[in-house]
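The next block holds one structure in the form of structure tokens; read it before the comments.
A, B, ... follow the sequence lines: proteins, then strands. Residue 1 opens every chain. What's counted below: heavy atoms across the whole structure, side chains too, no hydrogens, waters or symmetry copies.
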Amino acid sequence: MTENDMATSQPTTASRSGDRHRGGEAVLEVANLSVDLSLGSGRYPVIEEVSFTVRRGEILGVVGESGSGKSLTALSVMRMLPRAANVVSGTASYQGRDLLTMSDKDITALRGDRIGMIFQDPMAYLNPLMTVGQQIREVLELHGSSKKDAQRRSIELLELVGVRHPHKRVNDYPHQFSGGMRQRVIIAIAVANNPSLLIADEPTTALDTTVQAGILRLLAQLRDHLGAGLILITHDIGVVEQICDSVMVMYAGRVAEYGSVSEVLREPRHPYTRALMRATPRLDAPIHRRLPAIPGRPPDVTSKPSGCAFHPRCPLVMDQCKTEIPPLANRNADTRHLVACWASDKPLPQTVFSAPAQAKSRGHVDGPPVVLDIAQAHISYQGRSRLWKQGEINRVVRGVDLQIPAGRALGLVGESGCGKSTLARAIVGLVPVESGQITIGGKQWVGASKTERLALRRTVQMVFQDPYQSLNPRQTIGDIVAEPLIVHDIVERRLRGRRVSELADLVGLSRSLLDRFPYQLSGGQRQRVGIARALAMEPQLIVADEPVSALDVSVQAQIINLLADLRDELGLAYLMIAHDLSIVRNLCEDVAVMQDGRIVERGSSDDIFRSPTHPYTRTLLAASPGSPWAEQFGGVAS
Amino acid sequence: MSQYVVRRLLGAVVVLFVVSIVIFSLLHLAPGDPASVLAGPDATQSQVAAIRHGLGLDRPAVTQYFAWLGHLLTGDLGTSYTLQRPISELIGQRFGSTLQLTAAAAILMVVFGLIMGVILATTRLRVIRQIIDWLATVSLALPPFVSGVILIFLFAVLWKLLPSGGDASLVGDPAAALRKLILPSIAMALPGAPVIARLLAGEIRRSLDNEFVLTAQSKGAGRKRIVWRHVVPNSLGPALIEVGIRIGHLLGGAVVAEAIFARPGLGSLLIQSVETRDYLLAQVLLMLAITAAIVMQLVTELVIAAIDPRIRLGAKA
Amino acid sequence: GSSGNSGGSGPTGGASSVATASATGGGGNNGAILRAGIPNDFLPSALLRFNPAQRPLHRTVYDYLLDREQDGSYKASLAKSWEWSADKKTLVLTLQDGVTFHSGRKFGADDVVFTLKTAAAPKSGVQVATILKKATDVKASGANQVTVTFDQPFPAYLDALAMIPIVDSTTYADLASGKQLIGTGPFTWKSWTPGSKVMMGRNDSYWQEGKPYIGGIEFSILKQSQAMLAALQSGGIDLAVDMLARDAATMQKDSRFAVTTTPGVDVYVGCSTQLKPMDDPRVRQAVAYAIDRKRIASQVYSGFAEPSCVVWPSETPGVTQQMVNHYTYDIDKAKSLLTQAGVAGTEIELAPSPQDPGFAAAADIVQFGLEQAGLKIKRVSITAADWPKRNQSYDLPQLWISWIALTVSGPVATLMAANPLTAKANTSHMTAQGYTDKVAAELGAQSADESKSAIADLTNYMLDQAFHNTMVQAQAPRVGVKGLTGLATDATLSLVATDAKLSK
Amino acid sequence: MSTTATLPPVGPAQGEPSPDGRLLTRGLWGRYVQALRSARGAAGLGIVLVVVLIAVFAPTLLSYGAYEQGPDALTGPSAHHLLGTDEVGRDLLARLLAGTRVDLIITLIAVPTAAVAGTLLGLLGMLSRFVGALFQRIFDVLLGVPAVILGVAVAIAMAPGMKSVIIAIVLVTLPMFGRQAGTALAGQLPLDYVAAAEVLGFPRRRIMLRHVLPNIVDAIFVRIAFTMAQAITIEGGLSVIGLGIQSPQPSLGSMIKGGSAYLLTTPSYALAPVGVVILLVVGYTMVSDALNQAVLRK
Ligand SMILES: Nc1ncnc2c1ncn2[C@@H]1O[C@H](COP(=O)(O)OP(=O)(O)OP(=O)(O)O)[C@@H](O)[C@H]1O
Ligand SMILES: Nc1ncnc2c1ncn2[C@@H]1O[C@H](COP(=O)(O)OP(=O)(O)OP(=O)(O)O)[C@@H](O)[C@H]1O
Ligand SMILES: [Mg+2]
Ligand SMILES: [Mg+2]
């Protein structure tokens with residue numbers, strides 16, 4: 001279903017310049033908010049001295065990697081912190097009244113009436129047993145609407161958030177809605193009573209690029225429509241750039257940098273902000289640029305470094321950083337641009353992050369042999385058959401042609417459910433092709449003998465999306481990497497140990513991790529294990545299904561780089577599935593765009609990103625956050 | 001929904017058919033037969049043969065099975081070999097007693113189970129939680145034959161407060177019937193209630209940190225409303241399933257309870273019919289017990305489906 | 001009396017019909033209803049047979065032609081008198097006149113003929129059919145006279161007559177289902193709730209003038225012994241029939257109750273002489289010595305049993321005290337016999353009959369004794385469903401424990417009908433010439449004296465061969481309230497309430 | 001290898017909490033130790049062990065055997081017979097201990113059998129979807145049948161005794177393991193590590209036994225503890241309706257059956273085994289609770 005069904009007015013670029021809102025009166029002023037988290041092992045500060053202001057009609061973007069305290073900040077404003085977390089100090093004054101100290105009765109009265117909240121996962125946050133109508137009406141009736149009004153208003157609201165046929169849909173249950181539509185229902189609930197403050201916690205993270213654009217557009221509109229203040233939590237700088245007026249960058253529970261979008265993103269001062277921005281692949285950046293990844297990963301609540309929490313990863317680190325926590329200070333006389341860094345005025349040393357020499361851009365090289373050749377592949381799933389009737393057939397892949405030459409990477413993009421994973425699974429032989437051929441290194445899965453299958457397996461391997469469930473939790477990392485070697489007797493016994501270590505080095509895993517269990521590793525490390533396991537089979541082609549979408553931005557960059565390097569080292573070919581165009585653009589020479597089961601456009605990334613021809617490709621590009629094509633093809637701010 | 005119901009019903013029918021075959025062959029393959037039982041130990045072979053012929057037991061098994069099935073389907077349960085009376089009548093006479101017992105037990109079990117469950121989940125008093133928790137653990141150890149003996153010893157032998165067994169008609173002599181129901185129904189309900197309570201409590205606690213609870217909070221709903229409107233409905237599932245299974249099994253459990261509390265119900269009739277190889281009677285009673293269990297499961301499945309639109313309207317996983 | 005309407009409307013049927021019973025029954029003099037508890041349900045489908053289920057029925061709703069006394073003499077009942085012809089080949093029975101069935105129909109010779117013929121038919125399963133078949137012809141030689149003819153003289157025929165209740169030929173069809181039980185007896189069949197209750201009303205037009213004295217009987221079927229005990233103690237019943245011995249023992253101490261017993265029945269350890277090592281008489285005698293009869297009598301039957309080595313009741317003419325005590329509990333003798341036979345330590349199977357819970361306990365004691373004597377015992381359990389079949393096909397393990405109730409009706413009935421002892425083939429597979437001859441002698445006995453010596457002869461032979469090792473003569477205790485008098489038990493162990501009086 | 005230059009520092013060191021907050025020093029089996037160290041677990045295990053030890057070793061201290069008969073029957077507790085004697089003058093204490101042993105043996109044979117067989121049958125879905133589904137359906141049906149009824153069915157098929165009781169227990173409990181394994185399997189199959197194993201070309205049997213099984217083994221152990229308790233109640237139930245252990249062999253159930261007739265005169269006869277049943281069941285239940293808490297709670 002398309003999300004581009006909002007004919008109503010769009011925010012103008014003018015309304016984006018934060019300055020207008022500097023005038024608007026403050027809806028929410030949070031000062032020195034600190035939250036402790038009591039875990040089994042003790043109490044840890046999880047949010048420290050966070051202060052910010054939201055004005056009428058302003059959108060404040062809150063960015064930061066997972067675990068940086070974004071959600072808890074929001075929840076403490078709503079007085080909805082989990083049992084484990086308690087506010088230790090600070091105020092959050094809403095129109096002069098402190099939300100943190102007011103009586104339960106008062107805060108309950110405000111919730112859903114003056115302050116609305118929008119949550120991340122659209123399914124989980126709706127009560128599966130109540131119709132959306134009931135759930136919208138509940139919030140209305142709780143705050144004094146009559147049943148009749150509530151009924152009428154609920155339909156209005158569905159219409160407002162862009163649900164088609166609201167009269168019918170109002171009596172449907174959540175599971176009958178698509179992800180995007182559910183998110184719209186949640187928004188409808190949040191804005192039902194025209195709140196003056198809206199808090200949205202990653203409202204689009206779980207959604208498709210195109211859907212995401214629609215939701216963001218909707219939020220921008222509502223902001224104008226209600227003139228409410230909006231806190232938009234995200235980990236995607238692109239989103240911030242797109243619709244926020246001001247931005248607060250959080251790291252390890254502290255505000256790293258805070259100011260208007262224009263300033264902060266134009267000239268970021270905090271090394272973390274700068275690193276983050278560079279590490280994020282961008283559609284407008286030079287193509288095939290090697291990503292300047294941030295080394296390491298964000299600290300855990302229970303083990304925050306002393307001084308500036310970022311110092312272990314900081315290129316500008318000074319002794320002072322290790323001991324003293326930098327205050328959040330204004331770095332700019334006339335505008336309000338706050339940074340918490342001792343070295344914020346130093347320039348970043350280019351060397352650290354910039355691309356190493358061998359990161360060459362690849363043009364079309366003629367005549368490398370084709371590893372993967374897909375011809376007119378059709379794949380379909382059959383629903384469960386019953387005694388009396390056949391299960392209905394769901395044609396997922398409908399006639400796909402694709403070739404991947406050795407040593408080259410093909411990016412496969414397309415909206416959720418269009419069949420990307422299915423195709424990938426067919427390539428590695430997990431699902432059978434209905435008709436057409438999938439030829440890998442000259443061999444096919446259909447009718448392959450035992451030895452041929454093994455040969456195939458050793459030609460193509462797969463890297464999975466979710467690093468948390470793609471490793472057997474009951475095996476040590478060493479076993480996981482070694483198992484293929486053992487089962488297929490790839491290297492003789494006495495050399496196996498060495499081979500495993502080599503593989504570890506290859507993917508940049510410290511050997512000391514080999515005797516750990518998966519749950520003891522971070523997401524990035526697990527993804528490296530997954531890659532090492534695949535490499536153990538010494539394949540020529542690796543199918544990677546959204547290999548980084550579950551990772552934090554900084555870690556994401558590390559993995560992308562790793563993949564790029566491996567290609568250069570081992571001459572691997574990739575089929576890289578991603579919903580984030582910028583990643584594809586960064587890694588892959590070729591791009592194929594998929595729309596319900598068909599390849600609608602394909603070619604070298606240079607061409608496609610420069611001049612997309614197929615309308616769907618254009619929508620996709622336009623929808624991608626921070627895409628320069630936004631205006632051109634009717635993205636968010638057009 | 002209707003399609004869902006139809007599917008479930010068909011399934012149940014198939015199962016019952018298979019079960020009927022199993023029961024039939026089980027009884028007919030096992031040693032001993034009603035003819036020789038009827039004839040008595042001292043009878044001669046010819047006498048037995050004559051009786052067997054009289055009962056039509058010399059026909060091939062398949063014929064007998066389909067004859068039986070045919071009669072079942074036409075609602076004719078047949079006549080007991082040894083008691084020489086219509087089985088429907090025999091069951092009719094005993095059913096009252098067993099129904100009293102199972103119904104009373106079921107009510108006790110469900111009511112206490114659910115109440116304890118909600119208390120367990122919502123109370124802030126650690127003491128109460130622990131007490132109920134302990135009750136649960138201990139009464140798990142009290143299957144009817146254990147609690148029965150204890151109850152009889154205490155209330156009938158030691159304190160002489162309640163009759164040790166027997167039954168009476170609720171219509172004819174309500175007072176006596178109730179007095180005689182107390183001990184056995186408690187004994188039968190005892191193991192079930194705490195299990196249900198725990199399941200419900202656990203589920204409620206889990207639902208309490210479900211995301212949609214946050215949504216409800218963010219709407220400005222109070223704790224009471226959240227618990228009753230959002231959490232409890234979402235928590236009933238597992239408890240209901242357990243209730244269904246246990247009620248379904250009560251009829252079977254009655255066999256033991258009736259043995260201990262000397263109640264002439266279907267249970268004792270079943271044992272008797274099995275011991276005398278009264279094929280038809282035993283078959284019908286076994287079918288009855290199993291059908292009851294299956295039907296109860298079906299009912300609960302449907303109740304849950306009625307509560308949960310995802311099942312009712314067939315959600316895509 | 002009102003003819004039996006099958007009042008089977010649930011448990012209520014019993015309770016509500018108490019009132020009606022006393023009302024109609026009360027028509028006569030004092031209408032006290034005797035409330036009796038019995039362990040087994042009624043089994044009308046087997047009415048003509050001799051089995052425990054019939055005990056409350058044969059002498060209440062029905063009458064026999066004759067009654068047999070323990071000493072073997074006969075007493076008139078429906079048959080006023082009986083005459084043997086000179087050649088002892090013809091028997092003429094003269095019936096009471098003025099006897100009517102509960103249906104009001106007049107009782108006559110045809111009913112007797114019908115009953116005897118039905119009982120003799122193969123399908124009937126009646127044990128004594130073998131005796132009845134000895135008669136070549138049974139016919140009505142007058143409205144109240146029946147003539148039976150034989151080709152061999154067979155005086156013991158009377159034993160069978162003292163076991164068969166005379167039924168109403170016209171309603172026999174409804175008997176099996178329990179719908180209508182029509183007899184001439186002192187009580188009328190009113191209603192039956194299988195497994196629960198039976199109501200009997202007073203037969204106001206009973207042929208014995210003025211009897212019965214009580215207004216009716218309400219039988220409650222109490223399978224569980226505790227239930228029966230509780231009912232009696234709580235005053236729920238006035239009489240507990242065939243009460244569990246151990247319960248009766250406890251009741252003896254209670255002054256409110258009086259305990260009577262039935263004549264004893266033979267409880268024995270059977271040996272299958274065809275299976276090794278039971279083919280060796282010494283082994284069988286060893287078994288006989290290894291049985292602790294006293295302990296069985298006191299522990300299993302709580303005193304309601306006489307230790308005895310003889311299958312017949314000790315009053316039976318020809319049986320001496322010395323025979324009764326032939327074998328005493330003597331492990332050493334048993335040991336030496338086994339070692340002589342060279343079978344010490346061999347494994348032997350022992351199966352208690354499931355018919356009575358007491359047998360398992362008795363088996364425990366026997367097993368203990370045998371193991372003391374140096375045999376290995378393997379307990380095999382034969383289900384209640386399987387037991388009859390194994391008996392009928394003479395297929396029992398080396399040792400088993402069971403009973404012969406038929407012995408109370410005299411040796412002839414027993415020897416002709418009881419599978420364990422029948423001469424041609426029996427469960428012990430004891431078909432030695434010696435045995436068959438001695439049995440034949442008893443069956444052919446023409447006079448009391450002949451019979452007496454034949455029994456003595458047979459019994460000694462059996463004691464010597466030890467294939468049927470009687471352990472005790474077990475009695476069934478009956479516990480009634482003190483106010484209950486005149487209750488009797490006949491030679492078929494049936495309950496006789498004709499002269500019973502109940503003062504509450 | 002030039003790539004390693006820009007690689008991140010290695011992950012957390014031993015003892016330091018990992019991303020999801022669990023301590024690294026805790027191995028996979030450590031959770032069982034921890035479970036049995038917990039108050040509940042320790043108590044439960046203690047109870048069971050004490051009962052077992054007494055049942056196994058105490059008889060050597062007794063002056064009477066479980067089958068040894070004497071002249072005085074149904075004497076109440078006395079100096080010679082601490083619990084009194086039964087109807088044929090056997091020492092009740094000796095029989096109680098022997099009966100407990102019988103129950104322990106029965107459960108120790110039946111439950112593991114059911115656990116192994118059930119689990120393997122439940123995992124069949126890994127090898128053949130159809131067969132797996134078929135078995136799951138069968139398990140559902142068996143679970144629908146009340147335990148007693150299954151017991152009766154077994155009693156019809158064969159003479160009652162230790163064998164029939166064991167079979168009955170297996171019949172009742174096997175489907176639970178089977179269903180559990182089936183559901184667990186269904187939960188594991190969609191996980192990518194299974195897909196990964198297939199992509200790596202591991203044989204399905206290896207995937208089933210080396211990868212899936214270890215991941216569902218926790219649930220099985222918890223259920224085993226729980227099933228032990230259940231098995232004891234099944235034996236009791238069957239023996240009480242006379243379809244269980246047969247005389248002269250003692251068992252907790254058959255002693256309760258025998259003794260319930262003498263509640264008036266010799267209460268110890270029935271109440272002693274009742275006590276043991278309660279101890280054992282409570283003990284096992286507590287252990288399974290503890291395991292449940294520590295091992296399954298994610
Ligand atoms: N209910 C809770 N119990 C224990 N720890 C929690 C809980 N909620 C959050 N935390 C911890 O608090 C820290 C901050 O959590 P928070 O959800 O605010 O981060 P976030 O910025 O929202 O991350 P994400 O982008 O993944 O949502 C994290 O380390 C998290 O592990
Ligand atoms: N195992 C399955 N059985 C039946 N249908 C399936 C199965 N897996 C996927 N589908 C259906 O096939 C279609 C394509 O699924 P697929 O996972 O290939 O999409 P995708 O492009 O990978 O989406 P996403 O970007 O969300 O991963 C979807 O409609 C999905 O519902
Ligand atoms: Mg968050
Ligand atoms: Mg996918």
Considering non-hydrogen atoms only, spot the tightest contact between [X] and [Y] and give its length.
X        : Y        : answer
B:Arg198 : D:Asp289 : NH2-OD2, 2.9 Å
B:Gly248 : D:Pro146 : O-CG, 4.2 Å
B:Gly253 : D:Val148 : CA-CG2, 4.3 Å
D:Val282 : B:Val138 : CG2-CA, 4.2 Å
D:Ile256 : B:Phe145 : CD1-CE1, 3.6 Å

According to ring-ring contact (aromatic ring centres under 6.0 Å, His included), does anything in residues 240-269 of chain B pair up with another residue at least two apart or in another chain? List the pairs.
none
With a 4.5 angstrom heavy-atom cut-off, which part of [X] approaches chain D: side chain, backbone, both or neither?
X        : answer
B:Ala259 : side chain
B:Val15  : side chain
B:Ile260 : side chain
B:Val157 : side chain
B:Val274 : side chain
B:Ile271 : side chain

What I'd like to find out is whether the side chain of [X] reaches to under 4.5 Å of the side chain of [Y], using heavy atoms alone.
X        : Y        : value
D:Val281 : B:Val146 : no
D:Ile278 : B:Ile150 : yes
D:Ile149 : B:Leu270 : yes
D:Val141 : B:Val18  : no

Exceeds 12 heavy-atom contacts within 6.0 angstrom, atom CZ of B:Arg205
yes
Is the number of heavy atoms from other residues, nucleotides or ligands within 6.0 Å of OH (B:Tyr65) greater than 12?
yes
If I measure from the heavy atoms of chain B, does [X] come under 4.5 Å with its side chain, its backbone, both, or neither?
X        : result
D:Val152 : side chain
D:Leu280 : neither
D:Ala153 : both

Under 4.5 Å, counting heavy-atom pairs only, tell me which of B:Ala289, B:Pro144, B:Ala282, B:Gly252 racks up the most with chain D.
B:Gly252
What residue in B:Val22, B:Ile245, B:Ile294, B:Leu27 has the most heavy-atom pairs under 4.5 Å with chain D?
B:Leu27
Kindly compute the distance separating CG (B:Leu286) from CD1 (D:Ile156), expressed to the nearest 0.5 Å.
5.5 Å
Roughly how far apart are D:Leu271 CG and B:Phe153 CZ, rounded to 0.5 Å?
5.0 Å
Residue pairs fulfilling salt bridge (Lys or Arg N to Asp or Glu O under 4.0 Å) with at least one residue in residues 131-159 of chain D, sequence neighbours excluded
D:Arg137-D:Asp140, D:Asp140-D:Arg179
Looking at D:Thr285, D:Ile232, D:Val240, which makes the most heavy-atom pairs under 4.5 Å with chain B?
D:Val240
With side-chain contact (heavy atoms from CB on, under 4.5 Å) as the test, would you mind laying out the steps for B:Val149 and D:Lys257 before giving the verdict?
CA-CA 9 Å; B:Val149 170; D:Lys257 175 187 170 64; over 6 Å; no
